[in-house]
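Please read the structure below before turning to the comments.
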Amino acid sequence: MKRIFSGMQPTSQLHLGNYLGALKNWVDLQKEEDTQRLYCVVDLHAITMPYDHTQLSQATLEIAAAYMAAGIDPKKSILFVQSHVPEHAQLMWLLATMSQMGKLERMTQFKDKAGKNKERASLGLFAYPVLMAADILLYKATHVPVGEDQKQHLELTRDLASTFNTRYGVDYFSQPEPVISGPAPRVMSLRDGTKKMSKSADSDMTRINLIDTPEMIVKKIKKAKTDSDPLPDNLKDLEGRPEAMNLVTIYAALAGISKEQVIKEFAGQQFGKFKPALADVAVEHLAPITERMNELLDDKAQIETVLHDGAEQARKMAAQTLGEVFDIMGLSKVAMIH
Ligand code: TRP
């Protein structure tokens with residue numbers, strides 16, 4: 001059976017890039033039959049970089065609320081928090097014994113995040129991809145929807161799966177496949193069409209957050225950078241016009257139509273016409289999500305119940321795998337307490 005696993009870090013507010021690049025895709029994957037889905041809030045990953053410990057648990061609930069508000073249905077998907085299932089950290093340790101430091105050192109994300117002072121980077125940041133491998137292998141996920149930037153980590157996960165099998169002479173872990181898709185895998189900054197929309201960008205005007213009010217959405221789209229040409233009548237002519245391409249991509253993804261259809265509808269029009277139409281689509285699509293998110297956050301009991309149930313289901317699966325891995329690795333389970 002197909003099993004999907006993915007996760008997001010509770011590092012800060014979600015924006016349109018996270019929504020169109022990941023979350024919307026996760027929701028759409030719920031239509032697939034014969035598929036199990038696990039969507040996790042990966043709080044143990046979030047603490048590998050400096051963070052505000054007074055805000056972490058609230059941020060975790062907010063991400064869970066965003067999952068639910070966007071349409072992740074607890075009846076169709078297991079929704080849980082990574083730290084609620086201790087087996088993640090346990091399997092990570094076991095996998096750490098077969099992870100090569102040289103490979104971890106070559107991870108682009110580690111190099112980016114560690115920056116110039118690698119000597120002072122934490123072991124946690126270094127081992128980040130091993131924890132991610134544990135997340136995936138713990139549930140024997142077959143498909144992992146991720147962004148382009150996480151492909152290298154998926155490669156490492158596949159590597160670890162085969163190292164494990166070879167080292168212990170088993171055919172236990174299979175190879176999880178990355179799924180790089182979503183209606184708009186790369187949503188760019190509203191101020192610079194060559195940079196990804198990001199939560200770390202200085203100006204809030206570069207992104208649309210899932211908690212923005214309709215007024216803010218309208219304002220941000222109105223002020224979005226564009227060029228002075230009208231929209232062309234074919235997609236090819238959008239090349240070399242990254243801001244225009246980005247807005248067309250966003251429109252298409254939100255409206256659930258192709259970019260060609262957008263172009264057809266707006267060919268020859270100025271941005272003065274296109275932007276209000278885009279703002280309408282954005283508000284129409286995002287306002288109900290924002291509203292639902294706020295409702296959920298006003299009454300956290302509902303989110304907590306879902307997370308509690310999710311953790312319970314996830315834990316059953318996780319404990320099963322960990323037990324089997326203990327056996328294969330020759331660890332004694334005699335007095336194991338769960
Ligand atoms: N590293 C991923 C990211 O930053 C988040 C993540 C953690 C993840 N564990 C995962 C994604 C397992 C997919 C599967 O986007």
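Hydrogens, waters and symmetry mates play no part in the numbers below; they use all other heavy atoms, side chains included. All ligand and atom numbering here is 1-based and tracks the order in the structure.
Taking the six-membered ring for Trp and the full ring otherwise, the centers of His308 and Phe80 sit at least 6.0 Å from each other. Taking the six-membered ring for Trp and the full ring otherwise, Phe164 and Tyr168 have centroids separated by under 6.0 Å. Taking the six-membered ring for Trp and the full ring otherwise, the centers of Phe5 and Tyr39 sit at least 6.0 Å from each other. A ring-centre distance under 6.0 Å is found for Phe126 and Phe110. Between Tyr139 and His88, the distance from one ring center to the other falls under 6.0 angstrom.
In summary, the atoms of ligand 1 found under 4.0 Å from a heavy atom of Val144, numbered by their order in the structure, are 13 (C), 14 (C). Close approach to Val42 involves these atoms of ligand 1, each under 4.0 Å from a residue heavy atom: 7 (C), 9 (N). Set against the non-hydrogen atoms of Val146, the atoms of ligand 1 under 4.0 Å away are 11 (C), 13 (C).
Annotation: atom 9 (N) of ligand 1 to nearest protein heavy atom, Asp135 OD2, 2.7 Å. Counting only heavy atoms of the protein, atom 4 (O) of ligand 1 lies nearest to Tyr128 OH, 3.2 Å. Of all protein heavy atoms, the one closest to atom 5 (C) of ligand 1 is Gly7 O, 3.6 Å. Ranking protein heavy atoms by distance to atom 12 (C) of ligand 1, first place goes to Phe5 CE2, 3.5 Å. Ranking the protein heavy atoms by distance from atom 2 (C) of ligand 1 puts Gln150 OE1, 3.5 Å first.
Taking a cutoff of 4.0 Å between a charged side-chain nitrogen and a carboxylate oxygen, Lys225 and Asp192 do not qualify as a salt bridge. Salt bridge Asp34/Lys2: absent, no basic N to carboxylate O contact under 4.0 Å.
The part of Gln9 lying near ligand 1 is the side chain, judged by heavy-atom distances below 4.0 Å. Under 4.0 Å from ligand 1, the heavy atoms of Ile136 that appear belong solely to its side chain.
Look at Gly147 and you'll find every heavy atom at least 4.0 Å from all atoms of ligand 1.
Between the side chains of Gln30 and Asp73, no donor-acceptor pair is found at a separation under 3.5 Å.
Summarising the contacts of atom 7 (C) of ligand 1 with His45, Gln82, His88, the nearest heavy atom is found in His45.
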